[in-house]
Chemist: 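Mind looking over this structure? Questions follow.
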Amino acid sequence: MSTTEYTPPPNFIRTIIAEDVKANKNNGRVMTRFPPEPNGYLHIGHAKSICLNFGLAAEFNGVCNFRFDDTNPGKEDVEYVDSIQADVRWLGFDWGDRLYHASDYFEQLYDYAVQLIQEGKAYVCSLTSEETRAYRGTLTEPGKDSPYRTRSVDENLDLFQRMRAGEFEDGAHVLRAKIDMASPNLNLRDPVMYRIRRVTHHRTGDKWCIYPMYDYAHGISDSIEGITHSICTMEYEDHRPLYDWFLDALALECHPQQIEFARLNLSYTVMSKRKLLKLVQEKHVAGWDDPRMPTLAGMRRRGYTPESIRNFCERIGVGKKESTVDIALLEHCIREDMNKKAPRVMGVLNPLRVVIENYPEDRVEELEAVNNPEDAGMGTRKVPFSRVLYIEREDFMEDPPKKFFRLSPGREVRLRYAYYITCKEVVKDEKTGEIIELRCTYDPQTRGGDSPDGRKVKATLHWVSAAHAIQAEVRLYDHLFSVPNPADEKDGQDFMAHLNPKSLEVLPVCRVEPSLKGAPAGSRYQFERQGYFCVDLNDSTPDKPVFNRTVTLRDTWAKIVKAEGK
RNA sequence: UGGGGCGUCGCCAAGCGGUAAGGCACGGGUCUUUGGCACCCGCACUCGGAGGUUCGAAUCCUCCCGCCCCAGCCA
C-alpha cells in the first residue's frame with residue numbers, strides 16, 4: 001500500500017470548488033446534484049456528469065442529490081425513472097435517501113410564481129405559440145412586447161389561478177417572466193415559466209394541468225435543496241443569466257452557482273437521446289440495452305465494468321471545449337481492467353477439426369492451465385485433451401505469407417498448455433475444396449507445452465477437445481457506426497446512413513472449454529488470443545450459453561494484415 | 001457586422017509571465033507457452049494567425065481567422 005494519496009487530475013470545476021471551500025463560501029459546504037430527465041436511458045455522456053457530480057461532492061466531503069427533472073410529462077416515463085436509478089447505482093454511486101423530483105416542488109414553484117406575479121415580475125400571456133415566436137424577434141432584431149405584458153396584477157393572479165384550475169384549453173395561456181424583449185440574449189425575452197398541458201404526470205397524476213418550464217424550475221429546485229454548485233453542460237451557459245434572474249427576483253437565500261462544462265462525444269457513435277431513441281424505435285438495435293449502444297445498460301450488457309467507465313471518465317478530463325474522445329480510449333480502459341480481473345479461458349470461435357493421428361483414441365488427459373497470468377492468486381484449472389480437437393480456422397493457412405507463423409502444412413506449433421503438434425495433412429471437401437480437417441501428430445515429450453530439447457515454435461494456439469467442449473453462441477460486436485463522426489451531417493447524409501452493417505456478427509456454433517459450463521450471466525472472461533467476453537444478461541441459458549464480445553485483445557497480427565493489404 | 005463560448009501533438013488534456021506534464025493512438029525495440037500483458041525508446045523549438053508589451057509570452061494587450069451554442073408553450 002502506498003502512502004501517497006491519489007490526486008485526481010485537475011480541472012477548472014474542481015479548482016472553482018476548491019477556491020470556494022477555501023474562502024469558506026457556503027460555510028465550506030459542497031452539495032451537487034445529478035438531475036436527469038426521465039425521457040431516455042442514461043449513456044456514457046451522462047456517466048461523465050455523474051462521475052463529476054458525485055465525485056466532486058465526495059472529494060469535498062459533501063453530498064450529491066439525485067433529482068429527476070420531471071417537468072415535461074409528455075416525454076417522460078417510469079421505465080426511464082427505473083432504469084436511470086439502476087444505472088447510477090450500477091456505476092457505483094449512492095445518493096442515500098436524497099432522491100428528489102422537480103415535481104416534489106410543484107406546489108412551492110406555484111407559490112413562487114404567484115409571488116413573482118404580485119411583484120409585477122411575471123404575467124399571463126395569451127398569444128398563440130406562433131405569435132409568441134413572431135414577437136420574440138430574431139437573433140439580430142429585438143422582440144416586441146406582448147400586448148398582454150401590461151395586464152394588471154389582479155388579472156394575472158386570477159388568470160394564473162384559473163390556469164391551474166383547468167379552466168383553459170392547452171396552449172390558451174402561458175405564464176411569462178417579465179424581463180426584456182429587447183435583450184440580445186433570447187432567453188431573457190420574457191421566457192415562458194408555465195404552460196398548460198393536460199397530460200398525466202407519472203408521479204403527480206392529474207393533479208396538475210400546468211407544468212413549469214426547465215429554466216424556471218431548475219434553479220429553484222437547486223435552491224430548495226441547498227445545492228452549492230449546479231453543474232451542467234455548455235448549452236445552458238446562455239441560460240445562466242435567467243437561472244440567476246429567477247433566484248434574484250425571488251430573493252432566495254440559497255443561490256447556487258451554475259457551472260458549465262463540455263458534454264462528451266465519442267467517435268464512431270452517437271450520443272443524443274433523440275438519435276438513440278430513433279435507433280431503438282426503428283429497430284436498428286435490439287433495444288436501449290443493445291450491447292452496441294453507448295447507454296450504460298448497453299455497455300453493462302456488453303461487458304463493460306463500472307470501474308472501467310469511471311476510470312474513463314476521469315481520464316477524459318473536464319473542460320469547456322467541444323471535443324470528441326477517441327473510442328479507443330474507452331476500449332483501452334476496459335482492456336486494462338479486464339486484464340487484471342478476467343479469468344483466461346479457451347474458446348474456438350470458428351472451429352477447424354484437428355485429428356492427432358498418433359494420439360490414442362480412447363485417451364483423455366487433464367492438463368493444467370493458468371487462470372490469470374497477471375494474478376497467480378486466481379489459481380489453475382484442468383483442461384481436457386484428446387485425439388480430436390478444434391482449433392481456430394484463422395490459425396491455419398495452407399499457403400502462409402512470410403509473417404504468418406501459426407499452423408501450416410509441415411509446420412510445428414504449440415497448443416497452449418498441451419503439446420507441440422505438426423500438421424501432416426490437409427483434408428478438403430472434394431466438391432467445395434473447403435478445408436474440413438487437419439491431420440497432425442503430436443510430440444509426447446512436449447506435454448504441458450515445453451520441449452525438453454529446447455526446440456522453439458513460433459506460435460501458441462488455443463484449442464478445445466471436441467468431445468469435451470461445450471457449444472456456445474458468440475456475438476461479435478463492433479462500432480455501431482462506420483465513420484468517426486456519424487452525427488456530422490455536413491456531407492448531406494443522415495447519421496443513419498453510416499450505420500455499420502457489420503456491427504454485429506453472430507456465431508451460433510462456437511466451442512468453448514468445459515470449465516465454462518454453468519458460467520453465470522454477466523460473468524466475464526478472456527478468451528485467450530481473442531478478446532474479452534461476457535455471458536449475456538438476457539439471452540444466455542445453461543443449455544445454450546451466449547457470450548458477448550466486449551472488446552478484442554490488441555491484435556498486432558491484424559494490424560500487419562491490414563497494413564499489407566493496403 | 002445580435003448574444004454567449006471555445007481554439008496547446010492524430011484524439012483528449014495539464015499549464016495561469018520564467019522558457020511545452022500526462023494518457024490514448026501511432027512507430028521502433030526487449031520479453032513472452034496469449035502476435036495479449038509488462039518494459040524501453042521515439043512522437044509539439046512550439047501553443048489558431050499577425051502585431052505589440054516584457055530581459056522573458058501558450059500565459060498580458062490589440063486586431064484578425066476558425067469552430068460550437070441560442071429564435072421549443074423541450075431539457
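Please read these numbers as outputs of a predicted model, since none were measured by experiment. Note on naming: letters A, B, ... go to the chains in the order of the sequence lines (proteins, then strands), and numbering restarts at 1 for each one. What you see below is based on every heavy atom in this structure, not just the backbone, and it leaves out hydrogens, waters and symmetry mates.
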Chemist: Do A:Arg164's NZ or CZ and the ring of A:Tyr110 fall within the cation-pi criteria of under 6.0 Å and 45°?
Modeler: yes
Chemist: Is there a donor in the side chain of A:Tyr80 and an acceptor in the side chain of A:Glu37, or the other way round, less than 3.5 Å apart?
Modeler: no
Chemist: Return the value, rounded to whole Å, for the distance between atom CD of A:Glu528 and atom C1' of B:G35.
Modeler: 13 Å
Chemist: Name all residues meeting the ring pair (Phe, Tyr, Trp, His ring centres under 6.0 Å) criterion together with A:Tyr525; count only those two or more places apart in sequence or in a different chain, and write none if there are none.
Modeler: none
Chemist: Say you pick atom P in B:G51 and the same atom in B:U59; how far apart are they, in whole Å?
Modeler: 14 Å
Chemist: Counting just side-chain N and O atoms, does A:Arg197 come under 4.0 Å of either OP1 or OP2 of B:C74?
Modeler: yes
Chemist: Could you measure between the two C1' atoms, the one in B:A38 and the one in B:C11, and give it in whole Å?
Modeler: 25 Å
Chemist: Determine the interatomic distance between P on B:U8 and the same-named atom on B:U1; round to the nearest Å.
Modeler: 24 Å
Chemist: With syn defined as a glycosidic angle within 90° of 0 and anti as everything else, classify B:G4.
Modeler: anti
Chemist: What's the CD1-P distance between A:Ile327 and B:G10, to the nearest Å?
Modeler: 21 Å
Chemist: Please list, by residue number, the residues of residues 185-196 of chain A whose heavy atoms come closer than 4.0 Å to an atom of RNA chain B; answer none if no residue qualifies.
Modeler: A:Leu186, A:Val192, A:Arg195
Chemist: Mind calculating the distance between CD (A:Gln530) and P (B:U34) to the nearest angstrom?
Modeler: 15 Å
Chemist: Mind calculating the distance between CZ (A:Phe34) and C1' (B:A75) to the nearest angstrom?
Modeler: 12 Å
Chemist: Starting at CG of A:Leu266 and ending at P of B:C12, how long is that distance when rounded to a whole Å?
Modeler: 11 Å
Chemist: RNA chain B: A:Lys48 or A:His218, which has the more 5' nearest nucleotide?
Modeler: A:Lys48
Chemist: Looking at B:G4, does its base get a donor-acceptor pair with the side chain of A:Glu260 below 3.5 Å?
Modeler: no
Chemist: Any salt bridge linking A:Arg67 with A:Asp222? Criterion: basic side-chain nitrogen under 4.0 Å from a carboxylate oxygen.
Modeler: yes
Chemist: Taking the P atom in each of B:G28 and B:G66, what is the distance between them to the nearest angstrom?
Modeler: 39 Å
Chemist: More 5' along RNA chain B: A:Phe405 or A:Pro35, using each one's nearest nucleotide?
Modeler: A:Phe405
Chemist: Under the rule for side chain to side chain contact (heavy atoms under 4.5 Å, CB included), what residues qualify as partners of A:Ile224, not counting sequence neighbours?
Modeler: A:Tyr105, A:Gln108, A:Ile220
Chemist: Considering just the side-chain nitrogens and oxygens of A:Ser183, establish if one lies under 4.0 Å of OP1 or OP2 belonging to B:G3.
Modeler: no
Chemist: Write down the distance between CD1 (A:Ile179) and P (B:C70), rounded to a whole number of angstrom.
Modeler: 19 Å
Chemist: My understanding is that only residues two or more places apart in sequence, or in another chain, count here; which of them pass side chain to side chain contact (heavy atoms under 4.5 Å, CB included) with A:Asp337?
Modeler: A:Thr305, A:Glu307, A:Ser308, A:Lys340, A:Lys341
Chemist: Not counting sequence neighbours, which residues clear salt bridge (Lys or Arg N to Asp or Glu O under 4.0 Å) with A:Arg447? List them please.
Modeler: A:Glu365
Chemist: What is the distance, to the nearest angstrom, from the NZ atom on A:Lys320 to the C1' atom on B:C6?
Modeler: 9 Å
Chemist: To the side chain of A:Val174, which of B:G23, B:G35, B:C73 is closest?
Modeler: B:C73
Chemist: Expected output is a numbered-order residue list: members of residues 36-44 of chain A with a heavy atom under 4.0 Å from any atom of RNA chain B. What is it?
Modeler: A:Glu37
Chemist: Using ring-ring contact (aromatic ring centres under 6.0 Å, His included), reason through A:Tyr216 and A:Tyr194 one step at a time and then give a plain yes or no.
Modeler: CA-CA 8 Å; A:Tyr216 176 64; A:Tyr194 273 92; 5.6 Å; yes
Chemist: If we take the C1' atom in both B:C65 and B:A20, what is their distance in whole Å?
Modeler: 24 Å
